[in-house]
Asker: 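Before we start, here is the structure in question, set down as structure tokens.
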Amino acid sequence: MRYDAKDIGAALLAWYDGAARMMPWRVGPADRAAGVRPDPYRVWLSEVMLQQTTVAAVEGYFRRFTARWPDVAALAAAEDAEVMAEWAGLGYYARARNLLKCARAVATDHGGRFPATAAALHSLPGVGPYTAGAVAAIAFDEPAVVVDGNVERVVARLFAVQTPLPAAKPELVALATRLTPAERPGDHAQAMMDLGATICTPRNPACPRCPLAAFCAARAQGIAADLPRKAPKAAKPLRRGIAYVVRRSDGAMLLERRPDRGLLGGMLGWPGSDWSAAPDDAPPLPADWHDPGAEVRHVFTHFELRLALRLAHVGLNAVPDRGTFIPAADFRPASLPTVMRKVWDAAARHGT
DNA sequence: AATCCGTGGAC
DNA sequence: TGTCCAAGGAT
């Protein structure tokens, strides 16, 4: 390579010192200068929330979680349903289940303190190579290699890697390892990610403003916007289903806790049919069902869903085959995953 | 190794 | 409207 990794690292940190974005989980420049270290609990919580999720989407959730559960002991003592309800809407609900498992493991197996190395962090539920490295570097000053989607893109461009993702991942990790410094590894990791988020963006990268432009092979070849290359993705099949919205005469709503594994695992939802090409009609109790003619559309990671609605009103003595009546005072649409909240919105528009 | 797992914003 | 994709992890 024509340039030393130290030159790239120095240019990156110099840029970061003037351009770092402030976020609720970051320690500000003044505190940092005073030697304040980030709280591992807050770093871990933010990193889990940020998995495949934008900063803008995370900020509100992070504030609510830290206000309600200010440390790992408080979170470890929380009720499962309360945490799942607070996570509702953020997506990838296995993160919330693993968040609780991890907090309880830290409380019971680690004396209430997060382990301080990437290797030990990696053994915790929901903590993979990225999150382990990020927490180790940011909270514990370990020179861990931190490779997320931003870093993959920055490195692929810096070194003009032509191999498509995900096959290119090992090569990109090796290149990122060469850039990882012994000094300020946490700032280095955050600088790489800030650069990817604000300058070295997927589309229309702002190369003229990039502190690493002079080092960038893709920039020199005029192909920065074309990297990283990616394998083509599969088309999303269409699935259909039926959602049953039951209101009892006292206002209670019939909801069902979904199994802990799989789609929307552990979350509340409306009783429903299977989701398939041709779903069966499977009402949760006998009733005079009303079809409002509405359709709820929702796109998941790997399929598109169209839900038909069936609405019913039942008496106080109704006994459902499945699900539980939630009293009106306890029913919070915001505690539902988004597709289920859409069903509620549609049902409400049609008189339920 | 390939698949499964949410959501909302940008363009 | 369609497409991409964001600080990934588990199995």
Side-chain angles (χ1 to χ4, degrees), chain A residues 20-21 23-26 38 42-62 84 87-99 101-102 121-139 144-154 165-167 169-170 172-173 176 186 188-198 200-204 225 228-237 239 258-267 269 275 297-305 334 336-342:
Chain A
R21 297 174 295 169
M23 299 169 188
W25 47 86
R26 281 188 176 172
R42 296 168 65 87
V43 174
W44 161 76
L45 178 61
S46 69
E47 292 299 343
V48 172
M49 288 183 165
L50 286 163
Q51 290 167 8
Q52 295 288 284
T53 309
T54 59
V55 169
V58 163
E59 282 176 331
Y61 284 87
F62 181 84
M84 300 310 289
W87 195 277
L90 196 56
Y92 284 138
Y93 297 97
R95 293 185 296 173
R97 287 180 269 118
N98 285 328
L99 192 80
K101 286 184 190 170
C102 182
L121 289 160
H122 193 9
S123 69
L124 293 167
V127 178
Y130 163 76
T131 304
V135 174
I138 297 169
V145 182
V146 180
V147 182
D148 74 328
N150 289 304
V151 177
E152 289 178 357
R153 184 171 57 256
V154 169
L165 284 168
K169 185 68 184 283
L172 296 175
V173 170
H188 172 82
Q190 294 176 94
M192 289 285 282
M193 296 189 282
D194 268 21
L195 186 71
T198 63
C200 195
T201 50
R203 288 171 296 198
N204 303 317
R229 305 202 186 280
K230 297 198 172 183
K233 57 180 59 175
K236 293 183 180 183
R239 298 186 194 173
R258 298 173 62 87
D260 264 345
R261 293 181 173 273
L263 189 73
L264 308 179
M267 299 299 291
W275 295 348
R297 297 189 179 201
H298 193 73
V299 179
F300 290 99
T301 309
H302 54 294
F303 67 94
E304 177 182 349
L305 179 65
L336 301 176
T338 297
V339 64
M340 301 297 175
R341 187 183 49 70
K342 285 183 180 178

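Values reported hereafter were calculated over all heavy atoms of this structure, with side chains retained and with hydrogens, waters and symmetry mates removed. All values derive from a computational prediction rather than experimental measurement. So that the names make sense, note that chain A is the first sequence line, chain B the second, and so on, each numbered from 1.
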Asker: Would you say A:Y93's side chain and A:D260's backbone share a donor-acceptor pair under 3.5 angstrom?
Answerer: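 No.
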
Asker: If you look at every strand shown and take non-hydrogen atoms under 4.0 Å, does A:P166 touch a base, only sugar-phosphate, or nothing?
Answerer: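 It contacts nothing in the nucleic acid.
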
Asker: Using the closest heavy atom to pick a nucleotide of DNA chain B for each, name whichever of A:G262 or A:K342 lands nearer the 5' end.
Answerer: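 So the residue in question is A:G262.
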
Asker: Rounded to whole angstrom units, what separation is found between the CD atom of A:E304 and the P atom of C:dT3?
Answerer: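 In whole Å, C:dT3 P and A:E304 CD are 10 Å from each other.
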
Asker: Nearest to the side chain of A:T301 - B:dG6, C:dG8, B:dT7?
Answerer: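 In terms of side-chain proximity for A:T301, the closest of B:dG6, C:dG8, B:dT7 is B:dG6.
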
Asker: If I take atom CD in residue A:E47 and atom C1' in nucleotide C:dG8, what distance separates them, rounded to the nearest angstrom?
Answerer: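 Roughly 11 Å, once rounded to whole Å.
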
Asker: Rounded to the nearest Å, what distance is computed from the CG atom of residue A:L305 to the P atom of nucleotide B:dT7?
Answerer: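 Nearest whole value for this atom pair: 11 Å.
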
Asker: Output yes when at least one side-chain N/O atom of A:H298 is less than 4.0 Å from OP1 or OP2 of B:dG6, else no.
Answerer: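 For A:H298, the contact criterion (side-chain N or O under 4.0 Å from OP1 or OP2 of B:dG6) is not met.
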
Asker: Atom OH of A:Y93 and atom P of C:dA10: how far apart are they, to the nearest Å?
Answerer: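 Nearest whole value for this atom pair: 19 Å.
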
Asker: Can you check the distance between B:dG6 and C:dT3, where both ends of the measurement are the P atom (answer in whole Å)?
Answerer: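 These two P atoms come out 22 Å apart once rounded.
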
Asker: Could you tell me how far apart A:M49 (CE) and C:dA6 (C1') are, to the nearest whole angstrom?
Answerer: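 A:M49 atom CE is separated from C:dA6 atom C1' by 15 Å.
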
Asker: So what does A:V339 hit on the nucleic acid, given a heavy-atom distance under 4.0 Å: a base, only sugar-phosphate, or nothing?
Answerer: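 Since only primed, P, OP1 and OP2 atoms lie under 4.0 Å of A:V339, the category is sugar-phosphate.
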
Asker: Need one value for A:G265: base, sugar-phosphate or nothing, where a base atom within 4.0 Å counts as base even if backbone is also close, heavy atoms only.
Answerer: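 The answer is nothing, as A:G265 stays clear of every strand by at least 4.0 Å.
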
Asker: Which of the following nucleotides, B:dC5, B:dT7, C:dC5, is nearest to the side chain of A:P337?
Answerer: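 Selected nucleotide (nearest to the side chain): B:dT7.
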
Asker: Let's test your reading of the model: under 3.5 Å, does the base of B:dG6 pair with the side chain of A:T53 as donor and acceptor?
Answerer: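 Under the 3.5 Å cut-off, the side chain and the base do form a donor-acceptor pair.
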
Asker: Is any side-chain nitrogen or oxygen of A:Q52 closer than 4.0 Å to OP1 or OP2 of C:dA6?
Answerer: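 Result: no.
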
Asker: Within a strict 4.5 Å, meaning less than it, do heavy atoms of the A:W44 and A:L124 side chains meet?
Answerer: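 A:W44 vs A:L124: side chains apart.
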
Asker: What is the nucleic acid contact for A:R153, judged by heavy atoms within less than 4.0 Å: base, sugar-phosphate only, or nothing?
Answerer: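 If one applies the 4.0 Å heavy-atom cut-off, A:R153 turns out to touch the sugar-phosphate alone, with no base involved.
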
Asker: Please work out if A:R21 contacts a base, only the sugar-phosphate, or nothing of the nucleic acid, heavy-atom cut-off 4.0 Å.
Answerer: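 The residue A:R21 makes base contact.
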
Asker: Can you tell me how far CZ of A:R95 sits from CD of A:E47, rounded to the nearest 0.5 angstrom?
Answerer: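 The distance works out to 11.5 Å.
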
Asker: So, OP1 or OP2 of C:dC5: does either fall under 4.0 Å of a side-chain N or O from A:T54?
Answerer: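 So the side chain of A:T54 is outside the cut-off, no N or O lying under 4.0 Å from OP1 or OP2 of C:dC5.
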
Asker: What's the CH2-P distance between A:W44 and C:dG9, to the nearest Å?
Answerer: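 After rounding, the reported distance stands at 13 Å.
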
Asker: Between C:dG8, B:dG8, B:dC4, which nucleotide has the shortest distance from any of its atoms to the side chain of A:H302?
Answerer: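 So the nucleotide nearest the side chain must be B:dC4.
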
Asker: State the CG-CE distance between A:L99 and A:M84, to the nearest 0.5 angstrom.
Answerer: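 Answer for the CG-CE pair, A:L99 versus A:M84, is 9.5 Å.
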
Asker: Are the side chains of A:L264 and A:F300 in contact, using a 4.5 Å heavy-atom criterion?
Answerer: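 Yes, at least one pair of side-chain atoms sits under 4.5 Å.
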
Asker: With sugar-phosphate meaning primed atoms plus P, OP1 and OP2, does A:V151 contact a base, only sugar-phosphate, or nothing at under 4.0 Å between heavy atoms?
Answerer: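 No contact.
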
Asker: Quick one: is A:R203 getting a side-chain N or O under 4.0 Å of the C:dC5 phosphate, OP1 or OP2?
Answerer: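 False: A:R203 side-chain N/O out of range (4.0 Å or more) of C:dC5 OP1/OP2.
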
Asker: Looking across every strand, which nucleic acid part, if any, lies under 4.0 Å from A:M267 by heavy atom: base, sugar-phosphate, or nothing?
Answerer: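 Nothing, no nucleic acid heavy atom in range.
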
Asker: Across the strands shown, which category fits A:L90 at heavy-atom distances under 4.0 angstrom: base, sugar-phosphate, nothing?
Answerer: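 Base, at least one base atom sits under 4.0 Å.
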
Asker: Base, sugar-phosphate, or nothing for A:T131, non-hydrogen atoms under 4.0 angstrom?
Answerer: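 Sugar-phosphate only.
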
Asker: Hey, does A:T338 reach any base, or is it just sugar-phosphate, or nothing, if we go heavy atoms under 4.0 Å?
Answerer: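 Contact class for A:T338: sugar-phosphate only.
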
Asker: Would you mind reading off the distance between A:R341 atom CZ and B:dT7 atom P, rounded to a whole angstrom?
Answerer: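 It is 9 Å, rounded to the nearest whole Å.
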
Asker: Pick the nucleotide of DNA chain C nearest each of A:L50 and A:V127; which residue has the one closer to the 5' end?
Answerer: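 First, find each residue's nearest nucleotide; the 5'-ward one identifies A:L50.
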
Asker: A:W87 CH2 to B:dC5 P: how many Å, rounded?
Answerer: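 Nearest whole value for this atom pair: 17 Å.
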
Asker: Assign each of A:A56 and A:G91 to its nearest nucleotide of DNA chain B by heavy atoms, then name whichever residue's nucleotide is nearer the 5' end.
Answerer: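 The residue mapped nearer the 5' terminus is A:G91.
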
Asker: Does any N or O donor sit under 3.5 Å from an N or O acceptor when you compare the side chain of A:Y92 with the base of B:dG6?
Answerer: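 Indeed, a donor on one side and an acceptor on the other fall under 3.5 Å apart.
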
Asker: Verify the distance criterion only: is there a donor paired with an acceptor across the side chains of A:Y130 and A:Q51 at less than 3.5 Å?
Answerer: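 No, A:Q51 and A:Y130 have no side-chain donor paired with an acceptor closer than 3.5 Å.
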
Asker: Heavy atoms, side chains only, cut-off 4.5 Å: are A:L263 and A:F303 in contact?
Answerer: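 Counting from C-beta outward, A:L263 and A:F303 do come under 4.5 Å.
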
